[in-house]
Structures are given as structure tokens and as C-alpha cells.
Protein chains: 4
Amino acid sequence: MRSAAAREAILAATARQFQLRGYDNLTIEGIAKEAGVGKQTIYRWWPSRGALIAECLTDGRLFPVDFDIPVSGPVLDDVETWLDRVLAVLHSPGGSGLLRSLVAAAAEDDAVGQHLSEGIGVEQSLHTRLTLAVRAGELPADAPVDQLGSAILGAIIVQALGREEADAEGLRELVRFLLRPDGQAGSSA
Amino acid sequence: MRSAAAREAILAATARQFQLRGYDNLTIEGIAKEAGVGKQTIYRWWPSRGALIAECLTDGRLFPVDFDIPVSGPVLDDVETWLDRVLAVLHSPGGSGLLRSLVAAAAEDDAVGQHLSEGIGVEQSLHTRLTLAVRAGELPADAPVDQLGSAILGAIIVQALGREEADAEGLRELVRFLLRPDGQAGSSA
Amino acid sequence: MRSAAAREAILAATARQFQLRGYDNLTIEGIAKEAGVGKQTIYRWWPSRGALIAECLTDGRLFPVDFDIPVSGPVLDDVETWLDRVLAVLHSPGGSGLLRSLVAAAAEDDAVGQHLSEGIGVEQSLHTRLTLAVRAGELPADAPVDQLGSAILGAIIVQALGREEADAEGLRELVRFLLRPDGQAGSSA
Amino acid sequence: MRSAAAREAILAATARQFQLRGYDNLTIEGIAKEAGVGKQTIYRWWPSRGALIAECLTDGRLFPVDFDIPVSGPVLDDVETWLDRVLAVLHSPGGSGLLRSLVAAAAEDDAVGQHLSEGIGVEQSLHTRLTLAVRAGELPADAPVDQLGSAILGAIIVQALGREEADAEGLRELVRFLLRPDGQAGSSA
DNA sequence: GACTAAGCGAGACGGTACGTCGGGTCTTACG
DNA sequence: CGTAAGACCCGACGTACCGTCTCGCTTAGTC
């Protein structure tokens with residue numbers, strides 16, 4: 001009979017340590033100590049450090065915010081609103097480190113990787129909003145909405161990996177370009 | 001007096017171990033042993049595991065191939081050719097694992113992150129080719145070529161992180177959409 | 001209401017494990033599993049590993065034989081007969097290991113120590129037989145029969161602890177010397 | 001190149017912990033911590049807890065005293081003098097616990113067992129003194145001096161194992177009986 | 001003849017120690 | 001003086017058992 005209290009304490013400690021110290025530097029012993037739990041109790045229910053992170057991810061314990069996209073105007077405006085929200089988190093102290101840690105975890109652990117998209121919820125949100133846009137005729141009918149989501153998220157990740165100071169304007173440009181309402185800018189030329 | 005032989009042996013061993021066993025599982029001791037070198041010799045010249053990887057990266061020792069983009073026709077064709085090359089490497093055994101390892105290294109280590117783009121050379125190549133395309137009027141003058149490169153690379157990375165079977169067709173669609181020669185694909189049709 | 005079946009299974013399992021794997025390497029969990037019993041059932045009735053052994057000891061479950069001394073001739077002959085029996089057990093496979101395990105248990109656990117002599121029954125038997133011998137005038141009236149028993153048993157234990165190949169002849173010599181019927185060898189001098 | 005300082009610290013810590021807490025309760029981690037040493041350094045040079053004890057034993061670190069037997073009068077007097085010394089140690093606080101711990105170690109570990117006699121030095125001392133006595137005609141020419149040593153030591157051990165309050169008088173009686181200067185003590189009376 | 005209450009098997013729990021791996025620093029001996 | 005070798009202290013790994021603690025499930029007596 002599994003102890004709910006232990007489960008809760010472990011996941012909470014995992015999330016806290018992850019945010020505090022990053023994916024590497026995350027130790028089972030540290031989690032166990034902070035959670036006031038024996039190591040065996042962790043190993044009994046999770047096969048690996050990654051599985052812990054994956055569960056925190058799907059529980060929404062790693063990000064204190066959600067990234068829903070509003071549906072209140074033209075796609076472009078809505079997505080820019082969303083982008084600002086995302087960038088705000090990234091610029092907050094520890095924000096980009098958190099993203100990098102998450103990427104590291106996803107890169108090293110299958111379980112985390114498989115839950116990455118659902119975890120950040122970004123692809124899901126984008127997908128939904130872009131699909132609506134396609135239906136509304138704001139985007140071409142053949143726009144590969146899934147891929148566009150990956151591309152935008154991917155661009156953010158690539159920036160974070162590069163340790164460039166997050167280039168908000170560049171990302172906005174990208175979004176504007178990707179979602180340009182009709183004929184490409186300068187089409188009249 | 002730095003020993004060139006030692007340097008060479010160390011970097012070669014690092015690259016081999018990285019490809020063979022991934023970024024985590026990469027140990028200084030393992031490298032030292034394989035290189036026939038004392039651990040101290042490594043620590044004397046490189047401050048961290050990441051620095052080793054970073055140097056392998058800029059030396060082009062991690063990927064056996066280069067990803068130059070041809071300039072022989074319409075951008076779209078050239079980029080698709082390049083994409084096929086990239087996907088071939090990714091589908092080869094260990095290919096996606098290698099990419100993930102690289103992403104893990106970049107996510108965990110600043111030095112690697114800062115050299116990531118130059119290392120894979122992808123952004124560089126794309127940037128160059130797309131700039132040409134802009135000049136040739138194939139792409140709108142205000143197309144954010146840097147961001148487009150990041151987006152394409154990012155989409156590939158996001159796929160790899162997700163452990164989805166690399167979706168070649170999706171990526172091709174994305175590229176076609178991003179580089180669609182004129183206004184909204186078929187929107188006027 | 002104590003379950004007789006559980007008690008029996010536990011003691012049997014304890015004895016078997018003790019003979020099989022020795023005193024250290026003897027685990028409560030192992031006993032519980034072999035006995036098909038919950039750990040709690042053991043802890044409910046015995047305070048410690050040692051108490052289990054002590055009870056096996058007094059139940060005569062650790063040695064498959066008893067070490068009664070015959071009363072059929074001169075003390076010396078009877079004791080030598082007994083000694084042969086003891087040595088036979090000691091030379092049998094696992095015999096000296098069993099004795100060492102028992103000594104270890106007695107050394108580490110008070111309960112076992114207190115029941116050691118009654119457990120092997122050796123001192124008891126020797127005491128009885130030697131007392132008879134004193135009465136019969138075979139031994140001096142002031143012979144310290146208790147101490148003689150301890151000495152003989154002790155000599156056997158010391159040999160076993162030393163991992164010397166059990167020196168049967170030496171022990172026989174000792175016994176002959178201790179129980180030399182009257183005037184010591186060379187008494188006529 | 002082995003560190004002499006580490007060796008010394010480890011053996012000292014081992015001896016102290018052994019005297020303080022007994023053989024069981026003796027942990028490698030405890031020794032390492034007290035010695036200010038990494039566990040690996042212990043495992044590098046000693047295969048087991050027992051090997052540590054064995055080395056302390058042969059180094060004479062476990063007993064603060066030596067048990068030489070004087071040669072200054074009749075055997076019996078000399079041995080009684082020696083016995084008093086031994087009993088004094090045994091009666092000192094922790095004395096019998098120390099002996100029991102040593103017996104436990106010898107019983108559970110081959111290395112300790114093989115060095116037991118040389119470690120306490122008791123058998124050696126007794127052997128030497130008794131041999132002299134045989135030469136001097138104080139003991140019969142065929143007295144099994146080795147076995148007599150084992151018997152005396154063994155009797156002491158058996159007493160200690162039994163948790164009887166060490167029966168000094170009994171042991172003195174035993175010694176007097178074993179080494180009675182001529183024929184059966186008082187048999188002619 | 002249903003109803004407790006104890007004993008039971010099972011096994012999760014917070015811990016301690018195990019023996020191993022690798023990190024990064026150091027010392028030694030050689031070329 | 002840089003090097004190969006490797007010992008050193010340390011922190012963490014994943015495992016084994018400890019002794020305590022629920023859990024439901026028998027299984028007796030008792031009402």
C-alpha cells in the first residue's frame with residue numbers, strides 16, 4: 001500500500017531541487033533527505049531520476065505558470081501575447097537555467113523526453129491556437145501546425161542553449177514572419 | 001611545454017567515447033585511460049568535461065560529416081537536399097542519440113552551449129544560404145534569416161528530444177512552408 | 001493466540017539458515033521468507049536474532065546429534081569415546097564452521113552465550129561423567145570437574161578458531177594428560 | 001605509493017572503535033570518518049573488516065598490555081602471577097566485552113582467527129613457560145604443553161562466553177590442578 | 001451464528017551501512 | 001618541467017536489512 005504522503009513529499013522535493021540546483025546536481029540522496037524519506041522508497045516507485053522529473057513534469061510541478069494561448073483576436077496578436085508571457089518567464093532569474101535543465105533532462109532520459117511537450121504544454125497550446133487560425137482562414141489551409149509549434153519552441157530552445165541573451169525581438173520577428181497574415185511582406189514589390 | 005601527442009590522444013578519445021557512450025557516461029577517467037594519459041594532464045588544459053566537448057565540437061570531431069548547403073538551384077531545393085543529408089545522419093544508428101547527447105552537453109555546460117551552433121554548423125550554413133535567397137528575391141527582404149535557421153534546427157531538436165521517430169515528411173513540409181516562394185501557399189488559388 | 005505452526009516454521013528456518021549460511025549472513029528477512037511468515041511475527045515473539053538462536057540451541061535444533069558420554073568403563077576410555085564422536089562432527093563438512101558460527105553467536109549475543117553450555121551439552125555431560133569418576137576414585141577428590149569440562153571444550157574451541165586443521169591427536173593427548181589415572185607419568189621418579 | 005599517515009590513522013581508528021563499540025557495530029564508514037579518510041582508501045588496502053582487525057591484532061593495538069609470563073620461581077607461581085594479570089584485564093570495565101568481541105571477530109573472519117593466538121600472545125607465552133618447566137622437571141616429560149596452553153586459554157574464553165562473572169578462583173584451581181607438581185593432588189592424603 | 005479481537009502474511013516505511021564509481025587534487029618517478 | 005600513474009578525500013550511487021508501521025484476511029472464542 002503506497003504512501004500518498006511520501007509520494008507527495010518526494011515529488012515536491014524533486015521539483016524544488018530541480019528548480020534550485022538544476023538537473024545535474026540533482027541527487028536522489030538530496031531529494032530523499034529533503035523529503036524526509038528513505039532512498040529505497042524512491043527507488044521502489046521510480047526507476048530513475050528521469051522518471052521523477054517526468055512525473056513532476058506531467059503533474060505541472062516544474063513550471064509555476066501555464067502557457068495557455070488566448071483566443072481573443074488575430075492569431076498573431078494572440079501568439080505574441082503568449083510569447084511575451086513565455087519570454088517573461090525565461091527572463092526571470094533562473095528562468096533560462098530552468099529551461100536548459102529541462103532540455104538536459106529530456107536529452108538524457110527517455111521518459112522525460114517523451115513527456116516534454118505535454119509537460120511544457122507549449123506545443124499543445126500552439127497547436128490548438130494555430131488550428132483555429134487555419135479554420136478561420138488566417139493561415140493557409142495547408143499550414144503544418146504541428147511543425148510550426150515545434151519550430152517556435154525549437155527556436156526558443158536553440159536560443160537558450162546558445163546562452164545568447166534571449167533575443168525577444170528576434171523571436172517576435174520570427175513569429176510575425178511565420179504567421180504573416182497573407183502574401184509575404186513586400187509582396188507588392 | 002604542452003604535449004601535442006597528448007592533446008590529440010585526449011580529444012580523439014573524448015570524441016570516441018562521446019559517440020560511443022553519450023554525454024553522461026562520459027568520464028574523465030575513461031578518456032584518460034583510453035588516451036593513455038594521466039588525469040592531471042586533462043585537468044591541466046581543460047577546466048571541465050564540457051570544455052573538452054566544446055573543443056571537439058569546434059574541431060569538427062563529433063560529426064563525421066559536414067552540412068554545407070549547395071547553391072545550385074532554388075533555395076527550397078537546396079535546403080531540401082541539405083535536410084535529406086541531415087536526416088540521413090539522424091536516422092543512421094546512434095544518430096539521434098548523438099544529437100541528444102550533444103543537446104545534453106550544450107544544456108549542461110556553458111562552453112558547449114556557446115559553441116553549439118558553430119559546432120553543428122547548421123545555423124551557419126542555413127544563414128548563408130538564406131541570405132543568398134533573400135538577395136536573389138526568392139525570400140522576402142525582411143525574412144529573419146537567423147531566426148529561420150534557429151527554427152529549422154530547433155524543430156529537428158524538438159523532434160529528437162521527443163523520441164518520436166524522426167518525422168522526415170513533417171520537417172520537409174515545414175521547410176516548404178517556411179520557404180514557400182511567394183504568398184501564402186495556394187491561398188489565392 | 002500464538003500460532004504453533006508459525007513458531008515451528010520460524011525455528012526450523014532459523015536452524016537451517018544458521019547451518020547453511022552461518023551466524024552473520026543470518027537475516028530476519030531471510031528467515032521470515034523461508035518460513036513463509038511475516039517479519040512482525042518474528043519480532044512479536046523474539047526480541048532479537050540472538051534470542052532465536054538461543055531457542056534453537058535449547059531445543060537442540062542446531063546440532064543433529066547429542067553428546068552424551070557413556071558410562072561403561074574407565075573415565076578415560078569413556079571420554080575418549082565421547083571425544084571421537086565430537087571430533088567426527090567437527091570434521092564433517094561444515095562442522096567446524098558450525099562451531100565457529102555458534103561461538104560467534106555466543107560472543108555477540110548475551111542470550112546465546114548464557115545458553116551455550118546447555119546448548120552443546122558438552123559441559124553438562126563432562127561434568128556428570130567426571131563427577132562419577134571422582135566418586136569412583138578415578139580422579140583426585142579435589143579435581144575441579146567444572147573447570148576441566150571448560151578446559152576441554154575450550155581447547156576444542158581454540159583449535160576451531162585458529163583454523164588449524166582440527167588436531168585430533170593433540171586433543172586426545174590433552175584428555176589423557178588431564179585424566180591420567182593417578183601418579184603422573186614419571187611419578188616413580 | 002601508499003600513504004603511511006592514512007594507514008596509521010585507519011588502524012588507530014579501527015582499534016579505538018573496536019574497543020569502544022565491539023566487533024559488530026564496527027563499521028567501515030565509522031572508521032573512515034574517525035580516521036578522516038575516504039572509504040575507498042580502506043577498501044584499497046584491506047579486503048574486509050576482519051583484515052583490519054587482524055592487522056591491529058598483530059600490531060598489538062587491541063590490548064594495551066602484554067601477557068609475558070615471568071620466569072622467577074616454580075611454574076605454578078609464575079603461571080598464577082600471569083593469570084592474575086590476565087584476570088585483572090578481564091575484570092576491568094569493558095575487559096570481558098573486549099575478549100568476547102575478539103572471539104566474535106576470530107569466529108567470523110578467517111584472517112582474524114589465524115592471527116588470534118599470536119595476537120593475544122597468550123598461547124605463545126604459556127607454551128614457552130611450560131616448555132621450560134618440562135625441561136626443569138617440574139612437569140612430566142610427556143606433558144602436551146601446546147594443548148595445555150589451549151586448554152587454559154579455552155577455559156577463560158568459555159567463561160567469558162557464558163557471561164558468568166569471571167570465576168577467578170575456579171581458574172586458579174584449574175591451573176593448580178593442571179600443573180600440580182607431582183602425582184594427583186592430595187591423592188595420598 | 002454473527003461479532004469482535006488477536007494473530008497472521010505481506011510488505012511499505014525511515015534509516016544505516018554496504019561496496020563501487022568517479023570527481024578533482026595531490027604526490028612520486030621518469031624522460 | 002611536463003608527463004603517466006595512481007593514491008587521496010569526498011559525495012553519490014543503487015542494494016540489503018534493520019525494526020516499526022499499516023494493511024486486509026483468517027480464525028478463534030465470546031455474546
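Letters A, B, ... are given to chains in the order of the sequence lines, protein chains preceding strands, and every chain is numbered from 1.
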**Prompt:** Expressed in angstrom and rounded to an integer, what is the separation of C:Lys33 atom NZ from F:dA16 atom P?
**Reply:** 10 Å
**Prompt:** Are C:Arg61 and C:Phe18 in a cation-pi contact, defined as NZ or CZ under 6.0 Å from the six-membered ring centre and within 45° of the axis?
**Reply:** no
**Prompt:** Which whole-number value in Å describes the distance from D:Trp45 CH2 to F:dC8 C1'?
**Reply:** 11 Å
**Message:** Which is more 5' along DNA chain F, the nucleotide nearest D:Thr41 or the one nearest B:Ala6? Just name the residue.
**Reply:** B:Ala6
**Message:** Does D:Arg2 qualify as a cation-pi partner of D:Trp45, given the criterion of NZ or CZ under 6.0 Å from the six-membered ring centre and within 45 degrees of its axis?
**Reply:** yes
**Request:** Could you check whether C:Arg2 gets within reach of a base, just the sugar-phosphate, or nothing at all, counting any heavy atom under 4.0 Å?
**Result:** sugar-phosphate
**Asked** Going 5' to 3' along nucleotides 21-30 of chain E, which nucleotides have protein heavy atoms under 4.0 Å from the base (write B), which only from the sugar-phosphate (write S), and which from neither (write -)?
**Response** BSBBBB----
**Prompt:** Between A:Arg44 (CZ) and F:dC17 (C1'), how many Å, whole number?
**Reply:** 12 Å
**Asked** Rounded to the nearest 0.5 Å, how far apart are CG of D:Asp24 and CG of C:Asp24?
**Response** 10.0 Å
**Asked** Considering only heavy atoms from C-beta outward, does the side chain of D:Leu26 approach that of D:Ile53 to under 4.5 Å?
**Response** yes
**Complete:** When rounded to whole Å, the CG to P distance for the pair C:Asp24 and F:dC17 reads 12 Å
**Item:** B:Asp59/B:Arg7 salt bridge by N-O under 4.0 Å criterion
**Value:** yes
**Prompt:** Backbone N or O of B:Val37 within a donor-acceptor pair of the B:Thr41 side chain at under 3.5 Å?
**Reply:** no
**Asked** Expressed in angstrom and rounded to an integer, what is the separation of A:Ile42 atom CD1 from F:dT15 atom C1'?
**Response** 14 Å
**Fill in**
C:Leu52 CG to F:dG19 P, in whole Å, measures 11 Å
**Request:** Select from D:Asn25 and A:Gly36 the residue whose nearest nucleotide in DNA chain E is closer to the 5' end of that strand.
**Result:** A:Gly36
**Fill in**
Residue pair A:Ala35/C:Gly38 against DNA chain E: nearer the 5' end by closest nucleotide is C:Gly38
**Prompt:** Rounded to the nearest Å, what distance is computed from the CD1 atom of residue C:Ile10 to the C1' atom of nucleotide E:dA10?
**Reply:** 14 Å
**Request:** Would you mind listing every side chain to side chain donor-acceptor pair (under 3.5 Å) that reaches into residues 94-112 of chain B, with sequence neighbours excluded?
**Result:** A:Arg163-B:Asp110
